[in-house]
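Heads up, the thing below is written out as structure tokens.
A, B, ... follow the sequence lines: proteins, then strands. Residue 1 opens every chain. Every heavy atom of this structure was used, including side-chain atoms; hydrogens, water molecules and symmetry mates were not.
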Amino acid sequence: MTKRYYITTAIAYPNGRPHMGHAYEAIATDAIARFKRLDGHDVRFLTGTDEHGLKIAQAARAAGVEPRDYVNGTSQPFIDLDRQLGISFDRFIRTTDDDHKALCQELWRRIAAKGDMYLGRYEGWYSVRDEAYYDDAELVAAEDAQGQPVKLSPQGTPVEWTIEESWFFKLSAYAQPLLDLYAANPDFVAPVSRLNEMRAFVAGGLSDLSVSRTSFDWGVPVPDAPGHVMYVWLDALANYLTGAGGIDGEWWPADLHVIGKDVVRFHAVYWPAFLMSAGIALPKKVFGHGFVLNRGEKMSKSVGNVVDPGDMADRFGVDRLRWFLLREVAFGEDGSYSDEAIIERTNADLANGIGNLAQRALSMVAKNLGGVLPAPGPYDGVEALSDSITALTEAYFAAMNGLQLHRGLEAVMGMVSATNGFFAEAAPWKLAKTDTDAMARVLAVTLDATRRIVLLVQPFMPDSATALLDQLGVAAEARCFGALDTVVAAGTQLPAPTGVFPRWSEAA
RNA sequence: GGCAGCGUAGCUCAGUUGGUGAGAGCGCCGGAUUCAUAACCCGGAGGUCGGCAGUUCAAAUCUGCCCGCUGCUACCA
């Protein structure tokens, strides 16, 4: 029976254009999904957009269109970006999808049936103009026409203390169950620093959660409660169930929710509490990745450093961008990107490293052996190389299974370095003049090491890896990790080699 | 304010329970080489291990204080 693996990204809020953070999360999650597929799992990969809520309704109104039409337009760029970046999702869910809305209501009914929903009052500073509540801390001090001090919303509109009817979820009842969950399964939230934060937060006591609103209607209607729409997070989190095939979906529970560090609480506290209440299994793991910053700064229009990830991919190439983000940024930590850093990193790793390794060995086979792949055989350093490759392959799998994507690539680069070292030491270009049999063996050993390297790099750079595997004569059915030890048969005719990773020069 | 973490070569970071002269990658400089995408290979320079004071025969590694940074959280107004 094939192992199954259900992985998700957070769903994006399409009230603007996708930015680098979306691209980063999609790429990282895609790499994990591809890794699992190559590792023999039957994978379900879900991503999408979170289309309900007040802000969308406001944006639609500002644009003079219906919310539904508005999100039809704004979710499309996210889909387009995913396709451009080679994101191998199985479903792009939109919370406005009919099956999702039905599921939300079913989830609500289950929670209500458990007795965890009650009607109460939600109080706060409300701006009629904005149709929004604000925290005390968000208000700004100002003066009215009489010079009296008043508080205004961040938009400068008047606010008044307002009480509205709201359904509440008995989150307070789940503090201990959540603490038990963290204790029994310390891997539930990663990195561990996030788990510790959640534990501290929950240990401090939980208040019940307001999970419906009557002040706007762009959301999923609460069953049997006219005028109420669901709290957007309840709606949004439920997408993982919808994407699993329904409330008792075949893909549930999820193996991994990949999310940004800013929404860890929703996924590590609220979500499991909702699920426990509804009597549904919990996801296995929640991973909060860091943010990628443009030259270490948050993108902002005033700083003028807003970067369109699609433009970036066009300029550098999708695989270069994917490689950079996953190799340079420690997965789970914040990272920084810039043109210079991307060029430097990818030139070093891809052009000088993997690409050059493949090219130097392949071109010798082409020139000296008519492009016919020779058989590997003994030579000084072959065993040491083999040992090194084996150890680093293990390191790669350990890192990948532990979601240390950057460590996985570090191991791969170690393999590249070891292979280049072997090649330089054996100097097959000298053997070409003295011992062509030895030369052939050395080239074959080098190419097989290269084959292993490229196999492992597939989750990160699917297109480039495919091109390289074609050049290495690797059959389409011999590209999964189960075929790592399947050496390409000697005598295979290889195509004429062409560089896959051209060196980036400033002239370009 | 509380809790947690961090501050090590230009950059990103490793550095088990304190103990050979403090490391890796990238960048930089030099050498060698020519199969290859001026790449690869070899070597080198460069660090008060945030600061101060302690504990110890011995501290980047332990303790205290200080400075700076980050995350979570609370509160005042």
Q) A:N347 has an atom CG; how far is it from atom P of B:G27, in whole Å? A) 9 Å
Q. Quick one: which of B:A39, B:A36, B:C26 gets closest to the side chain of A:N352?
A. B:A39
Q. Any side-chain heavy-atom pair from A:L494 and A:Q471 closer than 4.5 angstrom?
A. no
Q. To the nearest angstrom, how far is A:L409 atom CG from B:C13 atom C1'?
A. 16 Å
Q.
Under a plain distance cut-off of 3.5 Å, with no hydrogens placed, do A:H267 and A:Y240 share a side-chain donor-acceptor pair?
A. yes
Q | Nearest-angstrom distance, P atom, B:G50 to B:G7 | A | 7 Å
Q) If you look at every strand shown and take non-hydrogen atoms under 4.0 Å, does A:S363 touch a base, only sugar-phosphate, or nothing? A) sugar-phosphate
Q. Less than 4.5 Å apart, any side-chain heavy atom of A:V457 and any of A:M413?
A. no
Q: Quickly work out the A:I342 CD1 to B:G27 P distance and round it to whole Å.
A: 16 Å
Q) Can a cation-pi geometry be assigned to A:K285 and A:F188, taking NZ or CZ under 6.0 Å from the six-membered ring centre and within 45° of the ring axis? A) no
**Q.** A:R407 vs A:N420, nearer the 5' end of RNA chain B by closest nucleotide
**A.** A:R407
Q: Rounded to the nearest angstrom, tell me the gap between atom CD in A:E425 and atom P in B:C42.
A: 9 Å
Q | Nucleotide of B:U33, B:U37, B:C40 approaching A:W429 most closely (side-chain heavy atoms) | A | B:U33
Q) Does A:R360 put a side-chain nitrogen or oxygen below 4.0 Å from OP1 or OP2 of B:C40? A) no
Q | Minimum-distance nucleotide to A:F423 side chain [options: B:U37, B:C35, B:C72] | A | B:C35
Q) What distance, rounded to whole Å, do you find between the two C1' atoms, one in B:G19 and one in B:A4? A) 30 Å
Q. Rounded to whole angstrom units, what separation is found between the CD atom of A:Q404 and the P atom of B:C13?
A. 13 Å
Q. What is the distance from CD1 of A:I343 to C1' of B:A39, rounded to the nearest Å?
A. 17 Å
Q) For A:F460, which residues count as a ring-ring contact (aromatic ring centres under 6.0 Å, His included) partner, sequence neighbours excluded? A) none
Q) How is A:A351 classified with respect to the nucleic acid when contacts are heavy atoms under 4.0 Å: base, sugar-phosphate, or nothing? A) base
Q: Would you kindly give the CZ-to-C1' distance between A:F331 and B:C13, to the nearest whole Å?
A: 18 Å
Q. Base, sugar-phosphate, or nothing for A:P502, non-hydrogen atoms under 4.0 angstrom?
A. base
Q.
So A:E344, base contact, sugar-phosphate only, or nothing? Heavy-atom distance under 4.0 Å.
A. sugar-phosphate
Q.
Heavy atoms only, 4.0 Å cut-off, all strands: where does A:G204 land among base, sugar-phosphate and nothing?
A. nothing
Q | Heavy-atom pair of closest approach, residues A:L369 and A:P374 | A | CD1-CG, 3.7 Å
Q) Can you check whether A:K430 has a side-chain N or O nearer than 4.0 Å to OP1 or OP2 of B:U33? A) no
Q: Send over the distance from A:E333 CD to B:A4 P, rounded to a whole Å.
A: 19 Å
**Q.** Nucleotide nearest A:R503 when distance is taken to its side chain, options B:U37, B:G71, B:G25
**A.** B:U37
